[in-house]
Amino acid sequence: MAGSPVAQARVLAQMALRSLASHKVKSLIVGSIMVFGTALVVVGTSLLDSVEAGMERSIVKSLSGHLQLYDAEAKDDLALFGGTGMGGDDYGEVPDFGEVQRVVQALDGVEAVVPMGLGLANMSRGSELDRALDALRRAVEDGDAAARVALIHRVQRLLELMHADLANSRAITADTTELDANLAHVERAQQDAFWAPFAGDDLAAKRAALDFLDTKVAPAGGDGVQYYLRYLGTDLPLFARVFDRFRIVEGQPVPEGRRGLLMNKRFADSQLKLKVARLLDELHDAATLNDARIADDPALAAKARQARSLYGSLTLMLSPEDAAALTETLRAAFPDVQPTEGQSDLDALMQAALTVDDDTLKARYAFFYEQIAPRVELYPFRVGDVLTLRAFTKRGYMKSVNVKVYGTFEFAGLERSELSGAANLVDLMTFRDLYGQMTEAQQAELKAIQAEVGLERVDRADAEAAFFGGADDSVEKVADGSVFGDFEVARIEREAGTRVADDRPFTREQMLDGVVLNAAVILADGVAVDEAKARVQAAVDAAGLKLKVVDWRAASGVIGQFVLVIRGVLLLAIGIIFIVALVIINNSMLMATLERVREIGTLRAIGAQRRFVMAMVMLETLVLGLLSGGVGAGLGAALVGWMGDVGIPAKNDILVFLFSGPRLHPTVGAGNLLVALVVILVVSLISTWYPARIATRVQPVEAMREA
Amino acid sequence: MSASTAPGAPASGPIVELSAVTKDYPLGKLTVQALRGVDLRIERGEFIAIAGPSGSGKTTLLNLVGCVDVPTAGAVRIEGQSTSELSEKQLTTLRLHKLGFIFQSFNLVGVLDVFQNVELPLLLQGGLTSADRKRRVAEMVDKVGLTPQTRQRPNELSGGQRQRVAIARALVTRPAIVMADEPTANLDSGTGGAIIELMKDINRTDHTTFIFSTHDANVMGHARRLVELVDGRIAADHPVSEAA
Ligand SMILES: Nc1ncnc2c1ncn2[C@@H]1O[C@H](COP(=O)(O)OP(=O)(O)O)[C@@H](O)[C@H]1O
Ligand SMILES: [Mg+2]
């Protein structure tokens with residue numbers, strides 16, 4: 001229509017506003033839905049954006065870096081925070097990290113390229129006796145008389161328990177030959193004469209007695225507890241420098257050029273820590289962080305019961321002095337506790353100390369850490385210990401490496417997040433030993449074997465099979481029946497009689513020029529990840545490296561998809577809200593249109609074209625949408641602002657990770673508001689399209705019909 | 001079509017011409033023959049009443065002349081142009097520029113005030129400056145005597161006042177023909193008389209053609225020509241003496 005557009009628009013807007021005002025209830029209902037929808041979009045998208053930013057900080061600054069490079073032919077997708085497999089994922093390999101680093105480091109905006117290799121190792125804690133013997137050997141070597149006496153006492157007590165165990169087994173076993181031999185060894189060690197050398201000065205005699213215990217007695221006692229430890233081999237000093245969430249908690253960093261392990265504090269606390277302590281921690285966290293009450297929560301109540309039942313595991317660990325001292329302390333704290341039939345005083349008191357309810361939890365928790373914890377081993381290792389890690393190499397042979405624990409670490413802000421415990425850190429050389437890359441000595445030996453069998457070339461797989469899988473005398477049968485083939489480590493273990501760390505230093509070149517599984521790329525601030533990803537990919541392609549480049553989200557595994565999932569859920573919720581809004585707006589506009597047939601007919605009769613009618617109806621919802629959208633966006637922004645001030649507490653460990661800290665402080669961006677307004681306007685238009693179409697079909701003769 | 005006086009139209013010919021017009025309405029399986037062969041010529045400046053009992057076809061006839069409907073058979077010509085040959089859009093444009101409507105139930109836009117209701121057709125037409133438009137509206141509102149009520153909404157006005165607004169709205173575009181379907185049916189006789197007098201005044205001064213229907217003998221008396229419909233046919237068509 002020709003018309004005067006501006007003046008027409010003005011009168012239309014006025015008609016829309018007044019029409020809205022004259023249908024207050026309808027406008028209020030539709031308006032409220034729109035306000036709610038817009039506020040939801042603003043709050044939802046703001047929160048998600050903040051979570052995504054938090055998650056990015058968590059992932060990028062702890063393990064992944066901005067980009068990850070790995071074998072283009074890898075069978076599985078990289079999953080740094082754990083994927084579907086239990087470390088059995090095949091990420092292929094990057095044969096020569098040095099070259100990758102040279103190529104990628106040269107690019108603009110690349111701050112660091114960090115070598116990495118994930119693996120899963122089995123870590124044996126050793127039986128109680130193993131560990132008592134380790135400690136006794138240390139006391140003997142150090143000439144610590146007091147510790148020695150206490151430990152001898154402890155070993156003797158463990159021998160008693162072991163003797164009883166073996167005797168029980170004997171009663172129910174047909175072939176007793178082996179058991180009889182073991183019993184004989186234990187009985188020998190129980191004689192006073194066996195312990196006589198420990199009172200004297202003859203170090204050799206003491207060592208001989210310890211060797212007997214280590215080799216003949218202890219093996220009869222079983223393997224002790226096994227743990228699985230996910231490790232990430234890397235350039236440890238570089239890792240510490242570029243992943244700024246990384247922080248040493250206890251001990252010290254592994255020095256440049258040295259082998260060593262840094263235990264993940266979160267992993268240690270949730271997987272390795274003494275069960276009783278772990279249970280108390282969980283109860284305490286639930287009470288202090290989530291205000292949960294044991295009385296109201298069956299799961300917590302079960303934990304409390306379990307903690308109480310584990311008193312025996314604590315009393316067994318105590319040295320006689322500690323047992324006596326603790327009995328006294330406990331008696332003072334629990335004067336009325338009486339042991340039940342057959343229970344020792346200490347057991348009864350310990351049980352009392354571990355009995356917690358909502359009222360006593362805080363005090364007993366503190367008591368546990370002040371009085372009991374210092375006298376027992378909370379973790380199966382101490383900083384400075386040497387752990388034996390066993391892992392299957394790529395070819396499926398068991399290898400073991402002794403590695404020193406230099407310290408524990410955490411990722412700042414993520415301390416409480418289970419996901420931050422995804423990996424422990426080891427040096428790259430230890431990783432390669434476990435991965436199955438041959439040392440120079442092994443390569444030399446392989447050459448000798450090749451010469452012997454007259455082969456020109458032996459490929460890597462065959463070589464490894466020949467090396468680790470052959471039936472030669474360097475392969476040792478271990479108790480669980482698996483074969484572990486690193487003769488060098490096995491020899492070290494045998495020679496020392498106890499665990500000694502593989503402490504061969506290595507040069508930077510050795511570390512860089514070798515196999516890794518993946519590499520993290522840290523970008524300079526402000527470099528766009530997508531753009532850098534393309535450049536890095538182009539560079540490695542140009543260099544002929546068969547690598548794929550993925551961003552942090554893809555590299556992190558399932559957790560990286562998490563925000564996508566929440567976003568999907570939010571979208572669904574918003575979608576549902578808006579579909580409801582759509583239906584309601586559609587219905588009410590349709591009804592309004594039907595009520596206005598005479599008015600619309602009149603407008604058509606006096607010369608309004610269909611377009612004018614269309615605009616009139618559409619504008620009404622649009623104006624309502626704009627007003628409600630404005631109010632909703634304002635409310636949403638205010639809500640996000642308030643949440644940003646107060647912070648949303650991360651109630652569980654996944655949230656700690658997603659929030660990148662104990663609280664999320666969301667912020668609202670212009671983008672969030674814009675998206676919300678656009679969405680509400682689009683919904684308004686869609687929902688009014690049909691009623692508007694109906695309105696345009698109203699015939700001008702409708703104006704003539706009598707009222 | 002720019003001006004209301006349509007300079008291109010043959011000034012000599014009839015402004016409205018119906019020839020052998022029939023209009024059928026489907027009613028279920030039946031067909032209602034609302035008009036059965038109507039021939040009618042209306043000259044420029046006439047003041048003509050269509051009379052007849054309820055159901056005789058008055059509204060149907062006005063709808064055809066008012067271009068809100070087209071005949072089943074026969075032709076309706078407005079200034080020589082047959083309405084059957086025009087598209088819906090063209091008919092709308094024709095109504096906007098040539099015709100004015102006054103309804104039995106006033107049919108004002110409830111959310112707009114007096115001024116805005118009167119202004120609406122001018123906004124739809126466009127072409128005037130804002131100042132010209134406002135002046136024209138103010139003049140028109142003054143002409144129907146509603147200047148004090150300019151900013152009131154229809155529901156604040158009496159029936160007679162509302163119909164004055166409708167008259168102002170119909171006339172503000174200076175149409176060639178004004179259609180009024182029983183404009184006084186919802187008014188008391190005094191008010192109705194005043195409304196017809198107002199229309200007659202305007203007809204006298206501006207020479208606007210008025211065609212209105214009524215079944216009220218009093219109102220018929222104001223017309224200068226009376227067309228009587230019975231059962232869709234013209235039963236009588238004669239001038240009315242000024243004295244009657
Ligand atoms: N839309 C319609 N559908 C069916 N019949 C109609 C319609 N409009 C009018 N009629 C019928 O046509 C005849 C003439 O009606 P109308 O022109 O409204 O008469 P009047 O205005 O003189 O009362 C009546 O019988 C009426 O019932
Ligand atoms: Mg009628």
Side-chain angles (χ1 to χ4, degrees), chain A residues 1-24 26-27 592-593 595-617 619-621 623-624 693 695-707, chain B residues 1-2 54 58-60 62-64 66-70 88-113 116-117 119-130 133-134 153 155 166 169-170 172-173 175 179 181-182 185-186 213:
Chain A
M1 77 201 103
S4 41
V6 179
Q8 267 188 35
R10 228 188 42 234
V11 81
L12 279 172
Q14 212 158 22
M15 280 168 77
L17 271 172
R18 293 188 179 174
S19 167
L20 289 172
S22 61
H23 297 92
K24 285 202 181 57
K26 185 205 86 178
S27 304
T593 300
E595 277 171 23
R596 288 167 75 179
V597 162
R598 172 183 291 274
E599 182 184 315
I600 294 165
T602 304
L603 289 170
R604 297 282 284 120
I606 66 173
Q609 297 285 3
R610 287 177 182 228
R611 260 180 18 211
F612 182 88
V613 174
M614 183 88 173
M616 180 181 82
V617 177
L619 205 70
E620 200 174 311
T621 331
V623 166
L624 184 61
R693 278 294 299 260
T696 61
R697 302 221 171 114
V698 171
Q699 294 297 318
V701 297
E702 298 294 341
M704 312 296 174
R705 292 211 204 290
E706 270 142 59
Chain B
M1 271 172 257
S2 53
S54 194
K58 303 185 293 293
T59 300
T60 304
L62 286 180
N63 284 353
L64 294 180
C67 300
V68 297
D69 211 345
V70 289
E88 194 210 83
K89 205 169 169 180
Q90 289 171 317
L91 284 174
T92 306
T93 309
L94 183 72
R95 290 196 298 273
L96 177 60
H97 291 276
K98 300 256 182 227
L99 304 174
F101 288 90
I102 298 165
F103 306 92
Q104 182 179 332
S105 313
F106 324 132
N107 292 20
L108 300 176
V109 178
V111 297
L112 299 181
D113 63 25
Q116 289 170 316
N117 265 287
E119 188 185 25
L120 196 54
L122 290 180
L123 287 172
L124 293 173
Q125 276 190 340
L128 287 181
T129 65
S130 169
R133 189 175 67 236
K134 295 214 153 22
R153 298 230 201 143
N155 60 3
R169 178 177 68 183
V172 76
T173 58
M179 326 285 311
D181 190 11
E182 309 214 22
N186 288 340
S213 69

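All figures in this text were calculated on a predicted structure; none of them were measured in a lab. Just so we're on the same page: letters track the sequence lines, and every chain starts at 1.
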Once rounded to the nearest 0.5 Å, what's the spacing between atom [atom1] of [X] and atom [atom2] of [Y]?
| X | Y | atom1 | atom2 | result |
| --- | --- | --- | --- | --- |
| A/Phe612 | B/Thr92 | CZ | OG1 | 13.0 Å |
| B/Gln116 | A/Arg18 | CD | CZ | 4.5 Å |
| A/Gln8 | B/Leu120 | CD | CG | 8.5 Å |

[Y] and [X], any side-chain heavy atoms less than 4.5 Å apart:
| X | Y | value |
| --- | --- | --- |
| A/Val11 | B/Leu112 | yes |
| A/Met704 | B/Val68 | yes |
| B/Thr173 | A/Ile606 | no |

B/Asn107 and its side-chain hydrogen bond (donor to acceptor under 3.5 Å, both in side chains) partner, picked from A/Glu599, A/Glu702, A/Arg598: A/Arg598
Of all the heavy-atom pairs spanning [X] and [Y], show the shortest one and how long it is.
| X | Y | result |
| --- | --- | --- |
| A/Pro700 | B/Arg95 | CG-NH2, 3.7 Å |
| B/Phe103 | A/Ala605 | CZ-CB, 4.2 Å |
| A/Ser22 | B/Val111 | OG-CG1, 4.0 Å |

Part of A/Arg10 within contact of chain B (heavy atom distance under 4.5 Å): side chain
Set of side chain to side chain contact (heavy atoms under 4.5 Å, CB included) partners for B/Asp69, sequence neighbours left out: A/Val701, B/Lys23, B/Tyr25, B/Asn63, B/Leu64
Pairing residues for A/Val623 by the side chain to side chain contact (heavy atoms under 4.5 Å, CB included) criterion, not counting sequence neighbours: A/Ala16, A/Leu17, A/Leu20, A/Leu619, A/Leu627
Contacting moiety of B/Leu108, where chain A heavy atoms sit under 4.5 Å: neither
Among A/Arg596, A/Arg604, A/Gln14, residue most engaged with chain B (heavy-atom pairs, under 4.5 Å): A/Arg604
Chi angles and distances behind the side chain to side chain contact (heavy atoms under 4.5 Å, CB included) call for B/Val109, A/Thr602: CA-CA 9 Å; B/Val109 178; A/Thr602 304; 6.0 Å; no
Any donor-acceptor pair under 3.5 Å from A/Gln609 side chain to B/Lys89 backbone: yes
